[in-house]
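The structure presented is a predicted model; accordingly, all values stated were derived computationally and were not measured.
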Amino acid sequence: HLLHLECFTGMMKQGLYACPTCGLSMQDMSRVWASIDREVASTPMPTEYAGLYREILCRDCNKTCTAVFHIVGMKCSSCGSYNTTLDKGPLLRLESKEGEEQVFVPLTEAEIAALMRGQTMRMAGRQLRRWWRTMRMRVTRWLKKIWTEIMRTISFLLGIER
């Protein structure tokens with residue numbers, strides 16, 4: 001598609017690699033995809049999300065496929081691109097056994113509710129840790145102020161100048 005050279009250069013500087021009109025990658029992204037492969041491999045998903053899949057649409061080859069669900073990115077099985085977007089449908093799990101054709105089934109309402117409960121508990125844990133850090137910092141500052149005041153008072157009473 002037609003794009004001003006200045007706009008193209010600005011997009012590349014900002015890390016925007018996809019055409020603003022059609023979404024196709026505007027340059028060879030194989031090194032980036034390899035980097036994302038390494039990132040996906042080194043970032044394990046929480047156990048409750050391991051083994052889940054999603055239908056995705058690849059913007060580079062315009063094909064729909066079922067990809068392993070991962071927070072870092074979901075890779076197109078047709079062309080290897082991470083220039084993908086979620087397609088219709090829920091999270092899926094693989095039900096077929098080895099040697100059989102892959103069969104994906106949607107998660108049940110109970111499974112989705114369990115995922116949400118687990119996420120809520122993790123969020124609550126993070127909030128509690130954040131609150132604890134904040135309180136610890138406040139108490140530390142408060143203790144430093146008290147200690148400073150005590151030292152000033154002692155210095156004053158003893159006639160020591162600081």
Side-chain angles (χ1 to χ4, degrees), residues 1-138 140-141:
H1 295 110
L2 186 60
L3 188 62
H4 299 106
L5 179 59
E6 196 174 308
C7 295
F8 175 79
T9 306
M11 288 178 66
M12 291 297 120
K13 285 180 183 174
Q14 292 178 27
L16 303 172
Y17 58 85
C19 172
T21 304
C22 66
L24 283 170
S25 297
M26 296 188 291
Q27 61 184 15
D28 178 22
M29 299 297 291
S30 55
R31 291 164 120 188
V32 176
W33 302 155
S35 174
I36 295 174
D37 280 339
R38 288 189 297 276
E39 186 67 28
V40 166
S42 67
T43 309
M45 289 292 285
T47 53
E48 59 268 23
Y49 287 93
L52 295 182
Y53 297 81
R54 261 319 282 268
E55 289 290 320
I56 60 167
L57 172 65
C58 179
R59 292 184 183 126
D60 287 338
C61 70
N62 205 30
K63 291 183 181 171
T64 300
C65 64
T66 304
V68 175
F69 178 73
H70 201 283
I71 195 70
V72 173
M74 289 175 268
K75 185 175 187 172
C76 175
S77 59
S78 296
C79 70
S81 170
Y82 280 95
N83 185 13
T84 60
T85 186
L86 295 176
D87 203 4
K88 62 191 176 297
L91 284 168
L92 307 166
R93 65 182 149 74
L94 184 60
E95 276 217 346
S96 56
K97 296 180 177 100
E98 232 178 277
E100 295 179 6
E101 186 178 326
Q102 290 187 327
V103 177
F104 297 95
V105 295
L107 295 185
T108 64
E109 292 294 324
E111 290 170 321
I112 293 170
L115 283 175
M116 298 312 255
R117 276 194 306 275
Q119 188 169 349
T120 303
M121 293 303 288
R122 276 194 307 282
M123 286 173 61
R126 280 193 295 262
Q127 289 170 340
L128 182 60
R129 284 190 298 276
R130 191 177 308 125
W131 175 83
W132 181 249
R133 267 194 312 270
T134 303
M135 293 309 295
R136 195 171 56 215
M137 287 185 333
R138 286 180 182 172
T140 301
R141 279 192 300 246

Here the pair of heavy atoms bringing Trp33 nearest to Ser81 is CZ2-OG, 3.4 Å

Correct closest heavy-atom pair for Glu95 and Val105 would be CG-CG2, 3.4 Å

Rounded to the nearest 0.5 angstrom, the CD1-OH distance for Ile36 and Tyr82 is 6.5 Å

Cys58 vs Ser78 side-chain heavy atoms within contact, under 4.5 Å
no

Within the 4.5 Å heavy-atom criterion, are Asn83 and Tyr17 side-chain neighbours or not? yes

Practice problem: Could you tell me whether the side chain of His4 and the main chain of Glu6 form a donor-acceptor pair under 3.5 Å? | Solution: no

Hey, are the side chains of Leu52 and Met45 touching, using non-hydrogen atoms and a 4.5 Å cut-off? no

Output for pair (Ser30 OG, Asp37 CG), nearest 0.5 Å, gives 11.0 Å

Do Leu3 and Pro20 make a side-chain contact, defined as non-hydrogen atoms from C-beta onward lying under 4.5 Å apart? yes

query: Is any side-chain heavy atom of Phe69 closer than 4.5 Å to a side-chain heavy atom of Leu92?
result: no

Closest non-hydrogen atoms of Val68 and Met74, given as atom of the first, atom of the second and distance, are O-CG, 3.3 Å

Item checked: Side-chain touch Leu91/Arg54, heavy atoms, less than 4.5 angstrom -> yes

*Is any side-chain heavy atom of Asp60 closer than 4.5 Å to a side-chain heavy atom of Ser25?*
yes

Check whether any side-chain N or O of Ser35 sits under 3.5 Å from a backbone N or O of Arg31 as a donor-acceptor pair, and report yes or no. no

Smallest heavy-atom separation, Met12 atom then Gln27 atom, equals SD-OE1, 3.3 Å

Practice prompt. Take His70 and Thr43 through the test side-chain contact (heavy atoms from CB on, under 4.5 Å) and record every step on the way to the result.
Written response: CA-CA 9 Å; His70 201 283; Thr43 309; 3.9 Å; yes

The reported gap from OG in Ser77 to CD1 in Ile56 (rounded to nearest 0.5 angstrom) is 7.0 Å

Nearest heavy-atom approach of Met26 to Leu16 is CE-O, 4.1 Å

Practice prompt. Test side-chain contact (heavy atoms from CB on, under 4.5 Å) on Val40 and Lys75 and set out the steps.
Written response: CA-CA 10 Å; Val40 166; Lys75 185 175 187 172; over 6 Å; no

Smallest heavy-atom separation, Cys65 atom then Cys76 atom, equals SG-CA, 3.9 Å

